[in-house]
Amino acid sequence: HGLRAEHYNGVNLEGAPVSTGVEANAAVAWDNQDRETSSRWSGWITPTQTGEYHFRLASQNGYRVWVDNRLVVDEWGVGDAPALTTGAVTLQANHAYAIKVEGVQRAVRGEQHLVWSTPASNGDDAVAAAQQADVVIFVGGLSARVEGEEMRVQAEGFAGGDRTSLDLPAPQQRLLERVSAVGKPVVFVLMSGSAVSINWADAHVPAIIEAWYPGGQGGAAVASLIAGDYSPAGRLPVTFYKSVDQLPAFTDYSMAHRTYRYFDGEVLYPFGYGLSYTSFSYANARVSNARLRASGTVTVSVDVTNSGAMDGDEVVQLYLTHPGVAGAPIRALTGFQRIHLARGEARTVAFTLRDRALSTVDETGARRITPGQVDVWVGGGQPGARAGLVPASGAATQFRITSRATLPK
């Protein structure tokens, strides 16, 4: 039982192995060791189902896999970029096949293990589990193995680390739709390092949690959130577009239609967006000076009240708009404060603005303070919302700059 393992110094499986033995799987993990090693595992597998199997070594370094004496996947020369390439082979149930796996271990820490999918890995088990459940928690999205630069990712929606689609990967989307069709309440926990165009989920799934890459305590944090142990207060640090078709081409280096500051279309979820189990109201937005020179300062204040039924945090966001100033963004986040308010509690939140906070960047790259009206929005997100989204609470005010200045770089 297990695989014969041979471990070598150097990355080319050369010379005599420094250790041998029988191991349960083709797997190795290391930490705080500057590795330049390689390993070979060989043995037999006996499938329990007839059909197509896919094999790969989950690894940050190169690997190759033979099944039935055939090289089914060769990623030996990938360097230090994670590869997701799998090798497909058709196997007969209850027939023993030779298997050999080779892998390189390079860098201070890492982990490798052989993984495979069976012909029955079609989601039927997930649908069956949903049918027996009271609530479905569907965890999906992207991982660091597909998001990055100069990566060997060959899959629909990806091209070498770039993304040609912002959609949820097609197999996950199909499974989410199948599980949702069971009719049980669904919580979609989306894990990613960037925006994902989850348009179908927005329309059909009653609860969506963006968990990003949450780390070792991510499961506990998400479980506590779902249980209502605390009220969420995270806000999106990026825009979630409806489609990659809304974005300019990679070769267009202008800022037009890029980021929330210059994009004038309708997005799925705007920068700064986020829901809460409680609610907050804003009132009495005001400025310390209705008119100020370029060298002056102005303080923007607003009264924030937790008007809901639960204690919670609010992220108070301050946006400025400079109407009529060439090259100025539609609006720009100029400050934010995260505050905790008990149920029914009110607090005054203030932002003091000067020089760079009052400026814009012109077409030559110069940062200038320009005379004119400045519109102020202070709230729990950007003003306005598309149909289907609860608009962020907030309040507006304004002030006027009466002189100009050019700021140092």
Side-chain angles (χ1 to χ4, degrees), residues 134-139 184-191 198 201-202 205-212 214-215 217-240 260 267-288 299-320 331 333-353 376-397:
D134 297 318
V135 176
V136 175
I137 300 175
F138 184 100
V139 183
K184 303 298 177 67
V186 176
V187 178
F188 179 18
V189 180
L190 176 61
M191 300 177 68
I198 49 171
D202 176 75
V205 177
I208 301 172
I209 299 170
E210 173 55 80
W212 304 108
Q217 289 298 310
V222 170
S224 294
L225 171 60
I226 294 172
D229 295 340
Y230 65 93
S231 179
R235 299 295 182 265
L236 291 182
V238 296
T239 302
F240 276 48
Y260 79 95
V267 301
L268 182 62
Y269 304 119
F271 172 92
Y273 177 77
L275 297 179
S276 171
Y277 289 154
T278 187
S279 58
F280 299 90
S281 59
Y282 289 73
N284 194 25
R286 55 204 182 271
V287 295
S288 59
T299 297
V300 178
S301 303
V302 68
D303 300 331
V304 186
T305 302
N306 183 341
S307 52
M310 185 176 183
D311 299 351
D313 287 8
E314 170 70 326
V315 180
V316 183
Q317 303 167 42
L318 175 69
Y319 294 89
L320 297 186
R331 68 183 61 89
L333 179 71
T334 309
F336 67 91
Q337 295 183 38
R338 180 166 177 153
I339 61 173
H340 181 81
L341 295 177
R343 180 179 60 178
E345 182 182 358
R347 186 182 305 175
T348 297
V349 178
F351 300 86
T352 298
L353 310 177
V376 179
W377 170 265
V378 57
Q382 295 187 58
R386 65 167 173 83
L389 284 189
V390 178
S393 298
T397 185

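Computed from a predicted model, the values in this text were never measured in an experiment.
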**Report entry** Check: Glu345 side chain, Asn306 main-chain N or O, donor-acceptor pair, under 3.5 Å
**Finding:** no
Query raised in the report: Mind checking whether Val376 and Leu318 have side chains closer than 4.5 Å, heavy atoms only?
Result: yes
Report summary line: Which of Val300, Val287, Thr299 passes side chain to side chain contact (heavy atoms under 4.5 Å, CB included) with Leu353? Answer is Val300
Query raised in the report: CG/Leu190 to CD1/Ile198 distance, rounded to the nearest 0.5 angstrom?
Result: 5.0 Å
Requested in this report: Apply side chain to side chain contact (heavy atoms under 4.5 Å, CB included) to Leu275 and list each qualifying residue two or more places apart in sequence or on a separate chain.
Outcome: Tyr273
Report task. Return yes if some donor-acceptor pair links the side-chain N/O of Tyr230 with the main-chain N/O of Ala221 below 3.5 Å, else return no. Result -> yes
Query - Rounded distance (nearest 0.5 Å) linking atom CG of Asp303 with atom CZ of Arg347 - result: 12.0 Å
Query raised in the report: Would you say Arg386 has more than 12 foreign heavy atoms packed within less than 6.0 Å of its CZ?
Result: yes
Requested in this report: Of all the heavy-atom pairs spanning Ala211 and Met191, show the shortest one and how long it is.
Outcome: CB-CG, 4.1 Å
Query raised in the report: So do the side chains of Arg331 and Trp377 get within less than 4.5 Å of each other, counting heavy atoms only?
Result: no
Query raised in the report: Regarding Ser393 and Ser281, is there a side-chain donor-to-acceptor distance under 3.5 Å anywhere?
Result: no
Query raised in the report: Is it true that a side-chain atom of Glu210 and a backbone atom of Trp212 form a donor plus acceptor pair closer than 3.5 Å?
Result: yes
Query raised in the report: Taking NZ, NE, NH1 and NH2 as the nitrogens, is one of them in Arg235 or Glu314 under 4.0 Å from a carboxylate oxygen of the other?
Result: yes
Query raised in the report: Does Gly308 offer a backbone N or O that forms a donor-acceptor pair with the side chain of Tyr277 under 3.5 Å?
Result: no
Report summary line: The side chain to side chain donor-acceptor pair (under 3.5 Å) partners of Gln317 (sequence neighbours excluded) come to Tyr319
Query raised in the report: Out of curiosity, Ile226 CD1 to Ile137 CD1, how far, rounded to the nearest 0.5 Å?
Result: 4.0 Å
Query raised in the report: Does the side chain of Tyr269 pick up a donor-acceptor pair with the side chain of Asp202 at under 3.5 Å?
Result: yes
Query raised in the report: Considering residues at least two apart in sequence or located in another chain, which fulfil the side chain to side chain donor-acceptor pair (under 3.5 Å) criterion with Thr239?
Result: none
Query raised in the report: Ignoring hydrogens and geometry, is there a side-chain-to-backbone donor-acceptor pair from Thr278 to Met310 under 3.5 Å?
Result: yes
